[in-house]
Colleague: 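Before we start, here is the structure in question, set down as structure tokens.
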2 protein chains.
Amino acid sequence: MREFLKTKGYKMTPQRELVFRSFFELGEHVSVDELFDRVRQIDKAVGYSTVWRNLKLICEVGLAREVNVGDGVTRYDRVTRKPHGHFYCVSCKSLLEFDLNEIAGRLAKVATAEKFETESFKVEIEGVCKSCRDKENRKTKRSLSESPGVSKAKLSKKR
Amino acid sequence: MREFLKTKGYKMTPQRELVFRSFFELGEHVSVDELFDRVRQIDKAVGYSTVWRNLKLICEVGLAREVNVGDGVTRYDRVTRKPHGHFYCVSCKSLLEFDLNEIAGRLAKVATAEKFETESFKVEIEGVCKSCRDKENRKTKRSLSESPGVSKAKLSKKR
DNA sequence: TGACTAAATGAAAATCAATTTCAATACCGA
DNA sequence: TCGGTATTGAAATTGATTTTCATTTAGTCA
Ligand SMILES: [Mn+2]
Ligand SMILES: [Mn+2]
Ligand SMILES: [Zn+2]
Ligand SMILES: [Zn+2]
């Protein structure tokens, strides 16, 4: 790792090493805050900006990519895995991956047709995961006699 | 429109009408600021929050959807059109649409396979549009004698 | 036609993630 | 070891978004 970074013109530091290691330990879909927490468990002295900057660096050198599901928090995904899309459960906010091989092919075709030079795809399916749906069903069944109407949902809640 | 909103329990106001009308006039991929500017051209007294809230309302009642390409600005897209994906040019930040019919079918299949209840798809191709690529080529050709190396890119720039 | 009440408005403030600033510190090549 | 550059950490800033709150208004009903 040290060597890899050196070739790209970056120095190695204890903080950097810790951030990199923690990121790869955490695995999929890591947010800055999650990574920060993890790093802090090991070294209380590391600053938030250091974690942030090094996470950016991990992207910069091509080891991770940003994942933005539109819930206000950017997550970071290792690029080791082959191209994949994400199920995003709007209920529990979990991300589940699915393979993108055939679909990626079609998308590439669409892109060339439009003379668009593709850098990356982003495919997302928004909805409700099985576990959340089951939970919801059970709740509904339990309370079928109560509260007849649900009032207008308050506008937004994000972030 | 007035009637449509009434059935959903909302009142009509001059501001609301103006915001709605302006939104549909502007068409595709409208940001709050763009809409705000447009509205202000007609009525200087309308507040930003009013525009924002009504844009949210347009989504709430199902007439628009948020589009988040991860550049920090949320855009809003009418739902009149059939499902489509977006080319996002990272250079000029323009959005170009492409049809999603076949791909949507495949995605739906993937979703059912995973017992995931789909609410919507989000398909994006990031890259460089033809016009930007041409521009870039011309520039490169012109300056082939200059600056031999490009230094490390500054980390991030978004928003 | 009023009068009432919940909804809507506008200005300002609050949020909140993301990013930058800057002075102090630490790498690492010579 | 030394010196110049990169990195760090705390704090401040940014910029979009969202909320608050006092005031106004739309729509309802007598
Ligand atoms: Mn992933
Ligand atoms: Mn669109
Ligand atoms: Zn879920
Ligand atoms: Zn372009």
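Chain naming here is simple, since letters A, B, ... match the order of the sequence lines and numbering starts at 1 in each. Note that the structure is predicted; figures quoted are calculated from it, not measured.
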Colleague: Please report the distance, rounded to the nearest Å, between CD in A:Glu17 and P in C:dC27.
Modeller: 11 Å
Colleague: Measure from CZ on B:Arg40 to P on C:dA11 and round the result to the nearest Å.
Modeller: 7 Å
Colleague: Please identify each residue that fulfils side chain to side chain contact (heavy atoms under 4.5 Å, CB included) with A:Arg106, with sequence neighbours left out.
Modeller: B:Glu102, B:Ile103, B:Arg106
Colleague: Can you tell me how far P of C:dT20 sits from OH of A:Tyr48, to the nearest Å?
Modeller: 13 Å
Colleague: Looking at A:Arg53, does any N or O in its side chain come under 4.0 Å of the phosphate oxygens OP1/OP2 on D:dT8?
Modeller: no
Colleague: Can you check each nucleotide of nucleotides 23-30 of chain D against protein heavy atoms at under 4.0 Å and return B for base, S for sugar-phosphate only, - for none, in 5' to 3' order?
Modeller: ---BSS--
Colleague: From the set C:dA11, C:dT9, D:dT19, return the single nucleotide nearest to any side-chain atom of B:Trp52.
Modeller: D:dT19
Colleague: To the nearest Å, how far apart are A:Leu55 CG and C:dA17 C1'?
Modeller: 13 Å
Colleague: Picking from D:dT20, D:dA11, C:dA8, which would you name as closest to the side chain of A:Ser49?
Modeller: D:dA11
Colleague: Closest approach of B:Phe116 and A:Glu126, non-hydrogen atoms and distance?
Modeller: CE2-C, 3.7 Å
Colleague: Does the plane of the ring in B:Tyr48 sit parallel, tilted or perpendicular to the ring in B:Phe36? Use 30° and 60° as the thresholds.
Modeller: perpendicular
Colleague: Can you check salt bridge (Lys or Arg N to Asp or Glu O under 4.0 Å) on B:Glu60 and B:Lys56, steps first, answer last?
Modeller: CA-CA 6 Å; B:Glu60 197 68 20; B:Lys56 285 290 186 182; over 6 Å; no
Colleague: Mind calculating the distance between CG (A:Asn68) and P (C:dA17) to the nearest angstrom?
Modeller: 13 Å
Colleague: Check this for me: A:Lys93, atom NZ, are more than 12 non-hydrogen atoms of other residues, nucleotides or ligands nearer than 6.0 Å?
Modeller: yes
Colleague: Testing the basics here: between B:Glu34 and B:Arg75, what is the closest heavy-atom pair and its distance to 0.1 Å?
Modeller: OE2-NH1, 3.2 Å
Colleague: Roughly, in whole Å, what's the span from CG in A:Asn54 to P in C:dT19?
Modeller: 15 Å
Colleague: Using a cut-off of strictly less than 4.0 Å, decide whether A:Lys56 has a side-chain nitrogen or oxygen near OP1 or OP2 of C:dA18.
Modeller: no
